[in-house]
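Below: the structure, in structure tokens.
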Number of protein chains: 2
Amino acid sequence: MTTAASPRELAHPTRDEIRLEGVLHALSDPVRLRVVRELATAESELSCSYFDLPVTKSTSTHHFRVLRESGVIRQVYRGTAKMNGVRRDDLDELFPGLLDSVLTAAAGEAARHGAG
Amino acid sequence: MTTAASPRELAHPTRDEIRLEGVLHALSDPVRLRVVRELATAESELSCSYFDLPVTKSTSTHHFRVLRESGVIRQVYRGTAKMNGVRRDDLDELFPGLLDSVLTAAAGEAARHGAG
DNA sequence: CTCGAACTACGACGAATTTCGTACAATGGG
DNA sequence: CCCATTGTACGAAATTCGTCGTAGTTCGAG
């Protein structure tokens, strides 16, 4: 009773559907901020399973979805894996400097408190 | 030095107690983001009653407190009024460029969708 | 001292969020 | 076809969030 369509396409907001409040909210969670930092540092797509997050798989799926639906990341299936990448072009066009300042701020805070 | 010997002093986080996640969360609410935008454009401090927010006084108090406790704004009593100002120095030192890029992003989004 | 203005404290409520466990589906290799 | 890998869906519980109303506090003016 498998239904007809291939469901392996993921819904993303278009560029003009991305909202600042949604992006800020997505980035205000420690787990999600950490994912975005790794993704941005890697500068290439990473699978969900690449991340060793302190939450279960269910919760991990949830966080990735929040990031995708807010427009922060793009997700694409590749075999059984789901690859993730930051939507840098869209974010930089929409909110110039925002992503970089958040990443810089996160790095600074990590240096101050995480390794201080 | 401050001449305030008033018993009504408000608790603020010190600079190094301010957390990025807390700031992002505080700014991810439409009402609070609007307050910060007005505060940032204003030349001087503004009282709570200056703002005509689409919420009750109770809720307004709540939002101002979230902003204060996250370190985004500084609040000082002046008579019966409570004056509010953005903690620009602290935020710029802690998270360079972050506040400005958020304000620019908010202005851009308002131009795009609010008055586009 | 009394009054109004400004703001707070407290309790409450519904809605959203976060988290988990378990069961399930899609893919690619034997 | 079988199965391990990868991630999803669903339900549920705990928590947080945004909102409000009411009662109360502090201050300045009269």
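By convention in this document, chain letters (A, B, ...) are assigned in the order of the sequence lines, proteins followed by strands, and residues within each chain are numbered from 1.
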What's the closest nucleotide to the side chain of B:His62 if the choices are D:dG7, C:dC7, D:dT19?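 The nucleotide sitting nearest to the side chain is D:dT19.
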Does the side chain of A:Arg87 come under 3.5 Å of the side chain of A:His12 through a donor N or O and an acceptor N or O?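 There is no such pair between these side chains.
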Would you state whether a donor and an acceptor, one from the side chain of A:Ser58 and one from the base of D:dT8, lie under 3.5 Å apart?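 Result: no qualifying N/O pair found.
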Does [X] have a side-chain nitrogen or oxygen under 4.0 Å from the phosphate oxygens OP1 or OP2 of [N]?
{"X": "B:Arg78", "N": "C:dA6", "answer": "no"}
{"X": "B:Thr56", "N": "D:dC20", "answer": "yes"}
{"X": "B:His25", "N": "D:dC17", "answer": "yes"}

Let me spell it out: for each of A:Ala81 and A:Arg65, pick the nucleotide of DNA chain D with the closest heavy atom. Which residue's pick is nearer the 5' end?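 The 5'-side residue here is A:Ala81.
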Using a 4.0 Å heavy-atom cut-off across all strands, classify [X] as base, sugar-phosphate, or nothing.
{"X": "B:Arg32", "answer": "sugar-phosphate"}
{"X": "B:His63", "answer": "sugar-phosphate"}
{"X": "B:Thr61", "answer": "base"}

Length of the [atom1]-[atom2] vector between [X] and [N], whole Å:
{"X": "B:Leu27", "N": "D:dC17", "atom1": "CG", "atom2": "P", "result": "15 Å"}
{"X": "A:Asn84", "N": "D:dG7", "atom1": "CG", "atom2": "P", "result": "8 Å"}
{"X": "A:Leu67", "N": "C:dT17", "atom1": "CG", "atom2": "C1'", "result": "14 Å"}
{"X": "A:Leu10", "N": "D:dA9", "atom1": "CG", "atom2": "C1'", "result": "14 Å"}

State which residues pass salt bridge (charged side-chain N to carboxylate O under 4.0 Å, His left out) with A:Arg34; sequence neighbours excluded, sorted by chain then number.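 With sequence neighbours excluded, A:Arg34 shows a salt bridge (charged side-chain N to carboxylate O under 4.0 Å, His left out) to A:Glu38, given in chain and number order.
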